[in-house]
A.B. asks: 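Take a look at this one; I'll ask things after.
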Amino acid sequence: MADDIFKKLIGHCKEYGYVFPSSDIYDGLGAVYDYGQLGVELKNNIKRYWWESMVLLHENVVGIDSAIFMHPTVWKASGHVDAFNDPLIDNKDSKKRYRADVLIEDLIQKYEGKIAKEVTKAKKRFGDSFDEEQFKATNPRVLSNQGKIDDIHGKFVKALDENDLAGLKAIIEDNKVVCPISGTCNWTDVRQFNLMFSTEVGSTADGAQKIYLRPETAQGIFVNYLNVQKTGRMKIPFGIAQIGKAFRNEIVARQFIFRMREFEQMEMQFFVRPGSEMEWFDKWKETRMKWHKALGFPEENYRFHDHDKLAHYANAATDIEFKMPFGFKEVEGIHSRTDFDLSQHEKYCGKKIQYFDPELGKNYTPYVIETSIGVDRMFLTMMAGAYCEEELEKNGKKDIRVVLKLPAAIAPVKMAVMPLVKKDGLPDKARAIIDELKFDFNCQYDEKDSIGKRYRRQDAIGTPFCVTVDHQTLEDNTVTIRHRDTMAQERVAIDDLYTILNKGTSLRELFKKI
Ligand code: ATP
């Protein structure tokens, strides 16, 4: 069922010009995608929502735009050359490759799903008198599944901590995890695989230099810390935000734009006094969750998930997860990165990277809280949250309405303007409305097919408002405005459209909730 929805969503993204496979006429390139005419609008709106929430709403957060290519020593210093690895495992029969940690996480999710099913069944059976906590603490099937989860989880954390690749394989084999393609448990050993892409700059004759395509945008911020702090006269605490492309040679790339080899990140590094990092970590956790929830999707679609294994640079880390059609998945990471990055760069470049704190009267290396979110994953979150198939009844007949219930502020097209018929001066009147509003809002003109069909087309791309121009419009300058989610229609003056759209589609309404 969930699989079905996901397939439909992917089809919908292609059919309506949101997302295309890269190099489509050559049958695509694995885990690389292009954004179409509506996709790019949605993506830009997501980026604007993030960027403005960072640099407009916080006077101590500024932005930069650093290059993708960086000095190769950056990646040595950051630890990526030595440690940016994923544990991979192959199935010998299907020849398919998997991430060992993902197979184990999926296994844990399978048992969590079994528990959730038992709870749902019991809830139905017991009605109002149901006590979930008590049920979970006493039901034998729940207890057995929870026991399995605890056992797997314990071994998993230990194997990750000790970098024990054989231990990871043992969990997979002991729990009889099979390859979904071959259905067998015939696995190779687990190996480490570095995710960075490399290329060369300069010609070979001159002694070309190996460089990397950045696997995260964060390092561009760290190497500019001094530049920004000094030229911007920034005082700690302060943040530097950046949006840009990142590249990872992902082993498993089968979930559409969830895991891509070329993707975009929105990262913010917040520099704080050592010792105050946990306070800021909690503050950013809360702020970032509010940012997600302000979009209006149901609260139960979000959760925090603390990391089982901290990255080499972190002393605390959590993910914000969203309920995708294929389960709860990470959309954003919030990490307390200590002074690891700045100290490492100081060591490798030989220059002092510190802050003189006038209040304390001393120098120190700032600690860092990072918020890191993928634009593409956020895009998928929006599409998954917004995609709806509604059953309607019309003249005694059942009908399905496909509608993207995107938050109006993020929707690619804000308003469609439709003349009721293609004559009598109605098209000119419709165009005049667009000419007045197009400086502030993305509007679309549509005169083809019946009004009903036109409404459906706009529902399918998530346009929050449709305006119909009819003969009465020519007499009294009023139009019918139709609201996407409720399908309610009302008669309003053309002069009021700006105010209605401004209130209904501005980011300001979302910002007020953060
Ligand atoms: P995962 O465990 O899913 O591989 P990660 O923990 O490695 O993700 P981070 O390094 O914390 O991810 O990256 C920060 C954010 O960048 C993620 O929360 C995600 O939104 C995004 N991101 C990371 N890798 C990819 C990818 N291959 N494709 C799309 N977005 C990605």
Side-chain angles (χ1 to χ4, degrees), residues 3 6 29-33 79-113 149 152-197 213 215-216 246-263 265 305-312 314 317 319 321-322 324-333 335 372 374 376-377 380:
D3 252 13
F6 191 43
L29 177 68
V32 186
Y33 290 89
H80 283 81
V81 171
D82 297 320
F84 194 53
N85 301 321
D86 274 344
L88 68 84
I89 188 166
D90 295 280
N91 184 271
K92 290 184 197 162
D93 299 319
S94 67
K95 311 269 183 276
K96 284 275 172 204
R97 182 159 286 180
Y98 298 88
R99 258 173 68 176
D101 56 332
V102 172
L103 286 181
I104 296 169
E105 277 165 9
D106 287 350
L107 176 69
I108 292 175
Q109 256 194 13
K110 188 179 92 182
Y111 288 119
E112 281 173 349
I149 292 175
I152 296 165
H153 190 253
K155 287 179 180 156
F156 182 41
V157 173
K158 187 163 175 287
L160 289 176
D161 274 345
E162 294 170 0
N163 217 350
D164 173 12
L165 302 182
L168 290 178
K169 185 180 180 187
I171 300 174
I172 291 171
E173 287 185 333
D174 294 349
N175 287 282
K176 304 198 170 37
V177 175
V178 297
C179 161
I181 310 288
S182 67
T184 69
C185 195
N186 192 9
W187 298 106
T188 61
D189 285 344
V190 177
R191 282 169 295 146
Q192 291 288 23
F193 177 78
N194 193 288
L195 299 179
M196 281 199 293
F197 284 105
L213 297 190
E216 62 174 29
F247 304 82
R248 296 183 188 178
N249 197 1
E250 296 282 359
I251 302 167
V252 185
R254 295 189 197 113
Q255 279 163 326
F256 191 39
I257 55 172
F258 180 77
R259 194 176 296 290
M260 301 156 88
R261 297 204 165 101
E262 171 180 343
F263 58 101
Q265 287 186 315
H305 176 248
D306 293 336
H307 285 204
D308 289 327
K309 182 189 182 224
L310 293 175
H312 56 274
D319 294 335
E321 294 188 337
F322 184 79
M324 303 277 187
F326 42 92
F328 271 99
K329 294 287 169 195
E330 169 183 347
V331 181
E332 170 159 8
H335 312 125
S372 172
D376 314 86
R377 264 193 211 178
L380 184 57

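In what follows, every heavy atom counts, from backbone to side chain, and hydrogens, waters and symmetry copies are set aside.
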A.B. asks: Rounded to the nearest 0.5 Å, what's the gap from CD1 on Ile104 to NZ on Lys155? Could you check?
C.D. replies: 11.0 Å

A.B. asks: I want to check something: taking the side chain as every heavy atom from C-beta on, are His307 and His335 in contact at a cut-off of under 4.5 Å?
C.D. replies: yes

A.B. asks: Could you tell me which non-hydrogen atom of Phe247 sits nearest to which non-hydrogen atom of Phe197, and how far apart they are?
C.D. replies: CB-CD1, 3.7 Å

A.B. asks: Under the side-chain contact (heavy atoms from CB on, under 4.5 Å) rule, collect the residues that match up with Asp161, sequence neighbours excluded.
C.D. replies: Val157, Lys309

A.B. asks: Just to verify, what does Arg191 make a side-chain contact (heavy atoms from CB on, under 4.5 Å) with, not counting sequence neighbours?
C.D. replies: Leu88, Asp90, Arg97

A.B. asks: Under the rule for side-chain contact (heavy atoms from CB on, under 4.5 Å), what residues qualify as partners of Gln255, not counting sequence neighbours?
C.D. replies: Phe258, Phe326

A.B. asks: Closest approach of Cys179 and Trp187, non-hydrogen atoms and distance?
C.D. replies: N-CZ2, 3.6 Å

A.B. asks: If I compare all heavy atoms of Ser372 with all of Gln265, which pair ends up nearest, and what's the gap?
C.D. replies: OG-NE2, 3.9 Å

A.B. asks: Would you mind reporting whether Leu380 and Met324 have side-chain heavy atoms less than 4.5 Å apart?
C.D. replies: yes

A.B. asks: Applying side-chain hydrogen bond (donor to acceptor under 3.5 Å, both in side chains), can you list everything that pairs with Gln192, at least two apart in sequence or on another chain?
C.D. replies: Asn163

A.B. asks: Strictly distance-based, threshold 3.5 Å: is any side-chain N or O of Glu330 a donor or acceptor partner for the main-chain N or O of His305?
C.D. replies: no

A.B. asks: Pairs of donor and acceptor atoms involving the side chains of residues 166-178, under 3.5 Å and at least two apart or interchain, shall be tabulated with distances.
C.D. replies:
| unit_1 | atom_1 | unit_2 | atom_2 | d |
| --- | --- | --- | --- | --- |
| Lys169 | NZ | Asp189 | OD1 | 2.9 |
| Asn175 | ND2 | Ile171 | O | 2.9 |

A.B. asks: Identify the two heavy atoms, one from Leu165 and one from Pro87, that lie closest to each other, and give their separation to 0.1 Å.
C.D. replies: CD2-CB, 4.4 Å

A.B. asks: First locate atom OG of Ser182, then atom NZ of Lys95, and finally report the distance between them rounded to the nearest 0.5 Å.
C.D. replies: 9.5 Å

A.B. asks: How far apart are the closest heavy atoms of Tyr33 and Met260, and which atoms are they?
C.D. replies: CB-CE, 4.0 Å

A.B. asks: Does the side chain of Glu105 reach to within under 4.5 Å of the side chain of Phe156, using non-hydrogen atoms?
C.D. replies: yes

A.B. asks: In Å and rounded to the nearest 0.5 Å, what is the CD1 to CD1 distance from Ile152 to Ile108?
C.D. replies: 6.0 Å

A.B. asks: Specify the closest pair of heavy atoms between Arg248 and Pro215, including all atoms of both residues, with the distance to one decimal.
C.D. replies: NE-O, 3.0 Å

A.B. asks: Going by the rule side-chain contact (heavy atoms from CB on, under 4.5 Å), which residues pair with Arg99 if we only count those two or more places apart in sequence or in a different chain?
C.D. replies: Asp86, Asp101, Val102, Glu250, Ile251, Val252, Arg259

A.B. asks: For Asn194, is there any backbone N or O sitting under 3.5 Å from a side-chain donor or acceptor partner on Asn249?
C.D. replies: no

A.B. asks: Pair Asn91, Ile181 - check side chain to side chain contact (heavy atoms under 4.5 Å, CB included), show working.
C.D. replies: CA-CA 9 Å; Asn91 184 271; Ile181 310 288; over 6 Å; no

A.B. asks: Quick check: do Leu195 and Asn85 have side-chain heavy atoms less than 4.5 Å from each other?
C.D. replies: no

